[in-house]
Amino acid sequence: MSAQYNAVGWFEVATDRPEEARRFYGELFGWTFAGDGPYREITAPGADRPGGGLFDSEGRFPGYAIFYVTVEDVAAALAKAESLGAKAIVPPTTTPDGLVFAQLRDTTGNHFGIFTPPPSA
């Protein structure tokens with residue numbers, strides 16, 4: 001899969017009531033959920049791969065729904081965003097498979113994320 005940079009590539013919903021959220025979004029949009037543990041990948045009907053995730057926050061922070069934009073370089077995109085007035089909420093973080101992401105608050109207060117897929121994606 002080749003990345004389409006500067007486009008929304010993922011979304012995430014966090015909640016302390018994941019079973020209720022899965023039921024709601026599953027019935028509303030026909031989404032299916034895969035995986036075990038606190039993070040479940042979401043696939044829309046007819047999609048060939050997951051497009052988002054549902055995260056069980058376990059009450060550690062308020063629920064949210066955000067989008068992630070695919071970028072070539074998370075650190076560079078974060079630096080540019082900060083130069084434009086954004087604030088980092090979650091600094092660049094690398095997952096075990098090599099995905100790099102960060103979360104920000106834009107100049108109007110909206111929460112969003114950026115990510116670079118793992119090298120093998």
Side-chain angles (χ1 to χ4, degrees):
M1 174 184 87
S2 64
Q4 181 180 359
Y5 296 116
N6 301 322
V8 174
W10 193 258
F11 69 91
E12 181 174 89
V13 177
T15 178
D16 61 353
R17 298 188 328 243
E19 292 298 326
E20 182 179 336
R22 283 194 293 274
R23 185 175 52 254
F24 174 80
Y25 288 112
E27 289 179 18
L28 179 63
F29 298 125
W31 292 353
T32 57
F33 303 86
D36 294 321
Y39 202 89
R40 306 280 177 98
E41 290 185 332
I42 299 169
T43 302
D48 60 352
R49 62 183 175 82
L54 181 79
F55 179 62
D56 181 355
S57 67
E58 299 175 340
R60 293 185 307 242
F61 43 82
Y64 62 79
I66 66 171
F67 63 89
Y68 284 84
V69 175
T70 308
V71 297
E72 287 188 75
D73 182 321
V74 168
L78 177 59
K80 183 174 183 179
E82 289 177 324
S83 78
L84 296 170
K87 303 287 185 222
I89 297 170
V90 175
T93 304
T94 303
T95 66
D97 68 353
L99 179 139
V100 181
F101 72 94
Q103 293 182 3
L104 305 89
R105 191 157 316 277
D106 72 16
T107 57
T108 65
N110 292 301
H111 182 180
F112 72 102
I114 54 178
F115 79 102
T116 300
S120 62

Say you draw a straight line from [atom1] of [X] to [atom2] of [Y]; how long is it, rounded to the nearest 0.5 Å?
X    : Y   : atom1 : atom2 : result
T32  : R40 : OG1   : CZ    : 12.0 Å
R60  : D16 : CZ    : CG    : 11.0 Å
I114 : F67 : CD1   : CZ    : 11.0 Å

Tell me whether [Y] is reachable from [X] by hopping between hydrophobic residues (I, L, V, M, F, W, Y) whose side-chain heavy atoms are closer than 4.5 Å.
X   : Y    : result
Y39 : V13  : no
L84 : V69  : no
V90 : F115 : yes
Y5  : W10  : no
V74 : F112 : yes

Considering only heavy atoms from C-beta outward, does the side chain of I42 approach that of P50 to under 4.5 Å?
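No, every pair of side-chain atoms sits at 4.5 Å or beyond.
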Exercise: identify the closest heavy-atom pair between [X] and [Y]:
X   : Y    : value
T70 : Q4   : CB-O, 3.7 Å
D97 : P119 : O-CD, 4.2 Å
L54 : P18  : CD2-O, 3.7 Å
P92 : L78  : CD-CD2, 3.5 Å
P45 : G30  : CG-O, 3.4 Å

Using 30° and 60° as the class boundaries, would you call the ring planes of Y25 and W31 parallel, tilted or perpendicular?
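The rings of Y25 and W31 lie parallel, inter-plane angle below 30°.
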Determine which pairs satisfy salt bridge (Lys or Arg N to Asp or Glu O under 4.0 Å) with at least one residue from residues 23-39, sequence neighbours left out, and list them in order.
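Not a single pair qualifies under salt bridge (Lys or Arg N to Asp or Glu O under 4.0 Å).
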Determine all donor-acceptor pairs shorter than 3.5 Å in which one atom belongs to a side chain in residues 99-106; sequence neighbours excluded.
{"unit_1": "Q103", "atom_1": "OE1", "unit_2": "H111", "atom_2": "NE2", "d": "2.8"}
{"unit_1": "Q103", "atom_1": "NE2", "unit_2": "Y68", "atom_2": "OH", "d": "2.6"}
{"unit_1": "R105", "atom_1": "NH1", "unit_2": "G109", "atom_2": "O", "d": "3.0"}
{"unit_1": "D106", "atom_1": "OD1", "unit_2": "T108", "atom_2": "N", "d": "2.8"}
{"unit_1": "D106", "atom_1": "OD1", "unit_2": "T108", "atom_2": "OG1", "d": "2.8"}
{"unit_1": "D106", "atom_1": "OD1", "unit_2": "G109", "atom_2": "N", "d": "2.9"}
{"unit_1": "D106", "atom_1": "OD1", "unit_2": "N110", "atom_2": "N", "d": "2.8"}
{"unit_1": "D106", "atom_1": "OD2", "unit_2": "T108", "atom_2": "OG1", "d": "3.4"}
{"unit_1": "D106", "atom_1": "OD2", "unit_2": "N110", "atom_2": "ND2", "d": "3.4"}

